[in-house]
S.K.: 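Take a look at this one; I'll ask things after.
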Amino acid sequence: MNDLLGRPLRNLRLSVTDRCNLRCEYCMPEDDYVWLPREDVLHFEEISALVDVFLSLGVDKIRLTGGEPLLRRDLASLVTMIAHRPGLNDLALTTNGILLSDQIAALAAAGLGRITVSLDTLRRDRFVKLTRADQLEAVHAGIEAARRVFGRLKIDTVVIRGVNDDEVGALLEYGRSVGAEVRFIEYMDVGGASRWSPDRVVSRREILDAVSQRYGRATPLDEPGSSAPAERFALPDGTTFGIIASTTEPFCRTCDRSRLTADGMWYLCLYATRGIDLRAPLRAGASPDMLRAILAGGWRSRDDRGAEERVALGERRAFVPVQDLLRKDPHLEMHTRGG
Ligand code: SAM
């Protein structure tokens, strides 16, 4: 099933909670937040029913995210419910890693396929400043556990000027030492990033230059037909890494991602200001066919190119003003929508 720009519905990011145990400066910098009402949060049975409908329409990759997905009690049960559904080729999890070492065995046994851990700094003082939590050791333990159980993993790093841009090399080397491919993410002006400004963005070009200067020329890996957001490179010693250039060189043309929030709102673009409510019809007893019709109608009329439109603006500032909008609608936040 294709949208108006010929992009297939394939990739679903499933947020299981809007709560997080970190307060990263680039994602949740405020002192207080408006949370989704508890009664609105979908039960696992409801998520699983929606997953079936998505799979029947062509989704074949699902990433569990949040908020911090490991805060959702007994996440492994949800993994058990969906991991072996026909048509699902890839079930991944994005986590900050703090609770990972406790849960990894259950998640792997339940059928989780892959893990990405977000880690922006290797320095404890910086970690505390950036996340407002003294949890770097727990993240390292989580990464170690992921390596033990899955053999390999990915590490996602948001690079911010004046914050951690001097750690690109150190993070690459750390990744190599723990069997992780590091993906450097440009700082995005998404909802929630209320401290964003263009001068704090370290561009794909700058990241590549910094890596190449230190380790030799980074060669792009040829991956034809890939709709993955990361462009991958190899260094002369064989180390591979990725760059996600959503801010300076967005990839809307191939974007096959959509997002389901923990309370059942479906967003077709990270920058969309409105989503499609799936909870109401689901709880009103809509049949799978009725839900399929809602999804198909939404996707077939999708023409979003949010990140490209941001670039076209020229002069950019934080996407959503905190006072006006974020406080009124938590759905606009990255931590609700699932990064
Ligand atoms: N708590 C989980 C984690 O830490 O990975 C999952 C949710 S988090 C919102 C998902 C990803 O979004 C993280 O890798 C985070 O770094 C990224 N993210 C959040 N705000 C961002 C921003 N302003 N620019 C780029 N990436 C961002």
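Indexing begins at 1, ligand by ligand and atom by atom, following the structure's order. All values below were derived from every heavy atom in this structure, side-chain atoms included, with hydrogens, water molecules and symmetry-related copies excluded.
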S.K.: Does the pair R123/E167 count as a salt bridge with the N-to-O cut at 4.0 Å?
M.R.: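 Salt bridge absent between R123 and E167.
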S.K.: What's the spacing between N89 CG and D60 CG if we round to 0.5 Å?
M.R.: 4.5 Å
S.K.: I'd like to check which ligand 1 atoms, numbered from 1 as shown, lie under 4.0 Å from a non-hydrogen atom of V190.
M.R.: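 In order of numbering, the contacting atoms are 23 (N).
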S.K.: Does R283, at its CZ atom, have more than 12 non-hydrogen atoms belonging to other residues, nucleotides or ligands within less than 6.0 Å?
M.R.: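 Yes, the 6.0 Å shell around CZ holds more than 12 heavy atoms from other groups.
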S.K.: Please name the pair of heavy atoms, one in L122 and one in A170, separated by the smallest distance, quoted to 0.1 Å.
M.R.: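 Scanning both residues, the minimum pair turns out to be CD1-O, 3.5 Å.
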S.K.: Please work out whether any backbone atom (N, CA, C, O) or any side-chain heavy atom from C-beta onward of L22 is under 4.0 Å from ligand 1, and answer side chain, backbone, both or neither.
M.R.: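 It is neither part, as no heavy atom is under 4.0 Å.
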S.K.: Looking only at distances, can you tell me whether any N or O atom of D120, backbone or side chain, sits closer than 3.5 Å to an N or O atom of ligand 1?
M.R.: no
S.K.: Please check whether M334 reaches ligand 1 - meaning an N/O of the residue sits under 3.5 Å from an N/O of the ligand, judged on distance alone.
M.R.: no
S.K.: Please find the pair of heavy atoms, one from P69 and one from L93, that lie closest to each other, and give the distance.
M.R.: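 Between these two residues, the closest heavy atoms are CG-CD1, 3.6 Å.
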S.K.: Write out the residue and atom name of the closest protein heavy atom to atom 10 (C) of ligand 1, then the distance separating them to 0.1 Å.
M.R.: G339 CA, 3.7 Å
S.K.: Checking a contact table here: which protein heavy atom is nearest atom 26 (N) of ligand 1, and how many Å away?
M.R.: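 Of every protein heavy atom, V158 CG2, 3.4 Å lies nearest to atom 26 (N) of ligand 1.
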S.K.: Measuring from atom 19 (C) of ligand 1, which candidate in Y26, Y187, W196 has the nearest non-hydrogen atom?
M.R.: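 Looking at heavy atoms only, the winner is Y26.
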S.K.: Below 4.0 angstrom from a heavy atom of T65, which ligand 1 atoms are there? Numbered from 1 as shown, please.
M.R.: 6 (C), 7 (C)
S.K.: Got an N/O contact under 3.5 Å between S118 and ligand 1?
M.R.: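 Yes - when backbone and side-chain N and O of S118 are compared with those of ligand 1, one distance drops under 3.5 Å.
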S.K.: Show the atoms of ligand 1 that are less than 4.0 angstrom away from any heavy atom in T95.
M.R.: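 Reading through ligand 1 atom by atom, the close ones are 2 (C), 3 (C), 4 (O), 5 (O).
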S.K.: Regarding R63 and T94, is there a side-chain donor-to-acceptor distance under 3.5 Å anywhere?
M.R.: yes
S.K.: By number and element, which atoms of ligand 1 are closer than 4.0 Å to a non-hydrogen atom of T94?
M.R.: 2 (C), 3 (C), 5 (O), 6 (C)
S.K.: Determine, for R7 against D304, whether the closest basic-nitrogen to carboxylate-oxygen distance falls under 4.0 angstrom.
M.R.: no
S.K.: Give the ring-plane orientation class for F233 versus F241, where under 30° counts as parallel, over 60° as perpendicular and anything between as tilted.
M.R.: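 Parallel, since the angle between the ring planes stays under 30°.
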S.K.: Strictly under 4.0 Å, does any heavy atom of R337 approach an atom of ligand 1?
M.R.: no
S.K.: What atoms of ligand 1 come closer than 4.0 angstrom to any heavy atom of C27?
M.R.: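 Per the distance check, 19 (C), 20 (N).
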S.K.: Nearest to atom 24 (N) of ligand 1, what protein heavy atom do you find, and at what distance?
M.R.: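 Protein heavy atom with the smallest distance to atom 24 (N) of ligand 1: M188 N, 2.9 Å.
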S.K.: Does a side-chain N-to-carboxylate-O contact under 4.0 Å join K129 and D125?
M.R.: no
S.K.: Atom 7 (C) of ligand 1: which of P69, A193, G67, G338 has the nearest heavy atom?
M.R.: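 Of the listed residues, G67 has the closest heavy atom.
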S.K.: Check D199 with R161, please: is the shortest side-chain N to carboxylate O separation under 4.0 Å?
M.R.: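 No, no charged N to carboxylate O under 4.0 Å.
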